[in-house]
Amino acid sequence: MAAPNQPQKSTYDVIVIGAGIQGSFTAYHLAQRHKDTLLLEQFLLPHSRGSSHGQSRIIRSTYPQEYYSRMMPESFRLWQQLEAETGTTLYRGKESGGSCRKGEQGELTQTGLVVLGPRGQPELEACRRSLGVDEVLDAAALAQRYPGFRLQAGKVAVLDSTAGVLFADRALRTVQEVFRRYGGTLRDGEKVLRIEPGATVTVTTTAGVYKASRLIITAGAWTGAFMEQLGLRLPLQPLRIDVCYWREKQPGSASLGSVSPCFLTLGLSQAPHGIYGLPSIEYPGLMKVCHHHGSPIDPEKRDQAPSSAPRPDIGILSSFISSYLPGLETQPAVMETCLYTNTPDGDFILDRHPKFSNIIIGAGFSGHGFKLAPVVGKLLCELSLGEEPSYNMAHFAITRFPGVLRAAL
Ligand SMILES: Cc1cc2nc3c(=O)[nH]c(=O)nc-3n(C[C@H](O)[C@H](O)[C@H](O)COP(=O)(O)OP(=O)(O)OC[C@H]3O[C@@H](n4cnc5c(N)ncnc54)[C@H](O)[C@@H]3O)c2cc1C
Ligand SMILES: O=C(O)[C@@H]1CCCC=N1
């Protein structure tokens, strides 16, 4: 809020639209580099209407695609740097300390992560290679290590012992605090209504008009609508995700609550999009197990789905749980909602607008962007400052989608 009788500042070096984890980390990098930065958020913070809310997200080194696994060491380092800068614990994993400790969040465990799938499945093999390990665990080896899991015939597990759980809400709050500490301006409860491109970009919100020589759009599930305004039809599909928490049949008996690893599946015929799970943080005794997919949704209407609407995800999860996690009940005890914004290939969009090179887009995080937000923010910052990005950006380019450019120009 500007002081009474003082005109509100309206000109910045850079404006970032959307204070989810991607916009907040982008703004953090810009402010750290002494750019006068305005971060705009439509909702009052904190809010639970986008993709970055909730207590937990998986962080892992392993990825089937090497262009993501190559970014993970830097991402781990930047998360640790933020922890050190603020004296805040942001995740529980091997690097951040021992195996079991009592903290604000209760009894937490160094989790690790197992990737489950058919023996020899190409993406599972790529995950194994990304970790530089030879070993795969069969059913007996996995059960010995993690008694809650029952691997089905022909399936194996690859262990990523670097993996852990990020405390998502706390991470978001922390990065925004540091952004402000570096001199950045965060205005929440202020929705962007219009963008006028040009050498100086003009941004009109519900509360004011701002100008900057650079603009970054990280508006999550709302990004597609902005892009239409700017002559681009990006293939972004918002999905409504059922976030499900499952109770142990006998509390403590299945070693699933707080002491299980994270997991994700690849190449299971019963769940081609994948299923993933995390030990309990938000609800003691419940395990978070979700389908890596959901139903198409307009983000403005996310809460209008009738409670009687079919929930195919629950059937897929129940069947997976009865086979692989038999210590859990087969109906969820708690269900919440979150949004993914998917691209057709599941890769992010991190690029300049093809016509307006001072407008940068960070979108399409396809349900796996949180862990990489420190690096994504750095890349979006570099793109906006006209610098050579630190990583090869070919997989994140807008031009990989035919037809998008023609619509723009
Ligand atoms: C259930 C679930 C589980 C996940 N699990 C993992 C995981 O384990 N590991 C992992 O790495 N990733 C995970 N992800 C993915 C990760 O959370 C997302 O990729 C990430 O949060 C996307 O952040 P974002 O900043 O792009 O979007 P958002 O958080 O949605 O931020 C966009 C912001 O822009 C604002 N905005 C939009 N329009 C306007 C406007 N007109 N004016 C001003 N502001 C505007 C929105 O209000 C919103 O706050 C998961 C996602 C979900 C939903
Ligand atoms: O990115 C992650 O680790 C999670 C689990 C796998 C699917 C998506 N999100």
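Atoms within each ligand, like the ligands themselves, are counted from 1 in listed order. What you are looking at is a predicted structure, and each value in this text was computed from that prediction instead of being measured.
For the 3.5 Å distance criterion, the side chains of Q176 and Y28 fail to qualify, holding no donor opposite an acceptor. Defined by atom type and a distance below 3.5 Å, a donor-acceptor pair is present between the side-chain atoms of Q8 and R187. The closest side-chain donor-acceptor pair between E83 and T89, if any, does not fall under 3.5 angstrom. For the residue pair E190/T206, the side-chain donor-acceptor check at 3.5 Å is not satisfied. Using a 3.5 Å distance cut-off with no hydrogens or angles, the side chains of Y63 and K371 do pair a donor with an acceptor. In the model, T11 has no side-chain atom that pairs as donor or acceptor with a side-chain atom of K211 under 3.5 Å. Looking at E66 and S130, their side chains never bring a donor and an acceptor atom within 3.5 Å of each other. Using modelled atom types, one finds a donor on one side chain and an acceptor on the other under 3.5 Å when comparing D169 with Q55. With 3.5 Å as the limit, one finds no donor-acceptor pair spanning the side chains of E177 and T86.
Atom numbering of ligand 1 starts at 1 in the shown order; those under 4.0 Å from a heavy atom of H47 are 47 (O), 48 (C), 49 (O). Less than 4.0 angstrom separates some heavy atom of I21 from each of these atoms of ligand 1: 20 (C), 21 (O), 23 (O), 25 (O). Of all atoms in ligand 1, numbered sequentially from 1 with element shown, those under 4.0 Å from a heavy atom of F43 are 47 (O). Interface atoms of ligand 1 facing F365, defined by a heavy-atom separation under 4.0 Å, are 19 (O), 26 (O). Which parts of ligand 2 touch I58 is read off a 4.0 Å heavy-atom cut-off, strictly below it: atoms 3 (O), 5 (C). Near H368, meaning under 4.0 Å from one of its heavy atoms, ligand 2 places the atoms 1 (O). Atoms of ligand 1 found under 4.0 Å from any heavy atom of K191, numbered from 1 in the order shown, are 41 (N), 42 (N).
Ligand 2 has at least one atom lying under 4.0 Å from a heavy atom of G367. The shortest heavy-atom distance from R57 to ligand 2 is not under 4.0 Å.
When only interatomic distances are considered, the shortest N/O to N/O separation between K371 and ligand 1 falls below 3.5 Å. At least one N or O atom of Q22, backbone or side chain, sits closer than 3.5 Å to an N or O atom of ligand 1. Residue G367 places at least one N or O, backbone or side chain, under 3.5 Å from an N or O of ligand 1. Considering backbone and side-chain N/O of C338, none are found under 3.5 Å from N/O of ligand 1. Ligand 2 has an N or O atom lying under 3.5 Å from an N or O atom of R60, backbone or side chain.
Nearest protein heavy-atom neighbour of atom 1 (O) of ligand 2: K371 NZ, 2.6 Å. Protein heavy atom at the shortest distance from atom 43 (C) of ligand 1 is Q42 N, 3.1 Å. The protein atom (non-hydrogen) at minimum distance from atom 51 (C) of ligand 1 is Y340 CE1, 3.5 Å. When hydrogens are left out, the protein atom nearest atom 40 (C) of ligand 1 is V192 N, 3.7 Å; that is the closest non-hydrogen contact. For atom 7 (C) of ligand 1, the closest heavy atom belonging to the protein is I58 N, 3.4 Å.
Here the two rings, on F320 and F263, have centers that are under 6.0 Å apart.
Other residues, nucleotides and ligands place more than 12 heavy atoms under 6.0 Å from the CD atom of E387. Applying the 6.0 Å contact sphere to NZ of K35 captures no more than 12 heavy atoms from other residues, nucleotides or ligands.
Between L232 and H353, the closest side-chain pair of non-hydrogen atoms falls below 4.5 Å. Proximity of Q270 to I316: side-chain heavy atoms (C-beta onward) are nowhere separated by under 4.5 Å.
Contacts of F370 with ligand 1, taken as heavy-atom pairs under 4.0 Å, involve both backbone and side chain. Here H368 has backbone heavy atoms under 4.0 Å from ligand 1, and that is the only part of it that gets that close. Of all the heavy atoms of L339, the ones lying under 4.0 Å from any atom of ligand 1 belong exclusively to the backbone. Residue-level proximity to ligand 1 for R49 is absent, since no heavy atom of it falls below 4.0 angstrom. Using a 4.0 Å cut-off between heavy atoms, I59 makes no contact with ligand 1 at all.
The aromatic rings of H292 and Y276 lie perpendicular to each other, with more than 60° between the two planes, well past the 30° mark.
In this structure, of H291, H293, H292, the residue bringing a heavy atom nearest to atom 7 (C) of ligand 2 is H292.
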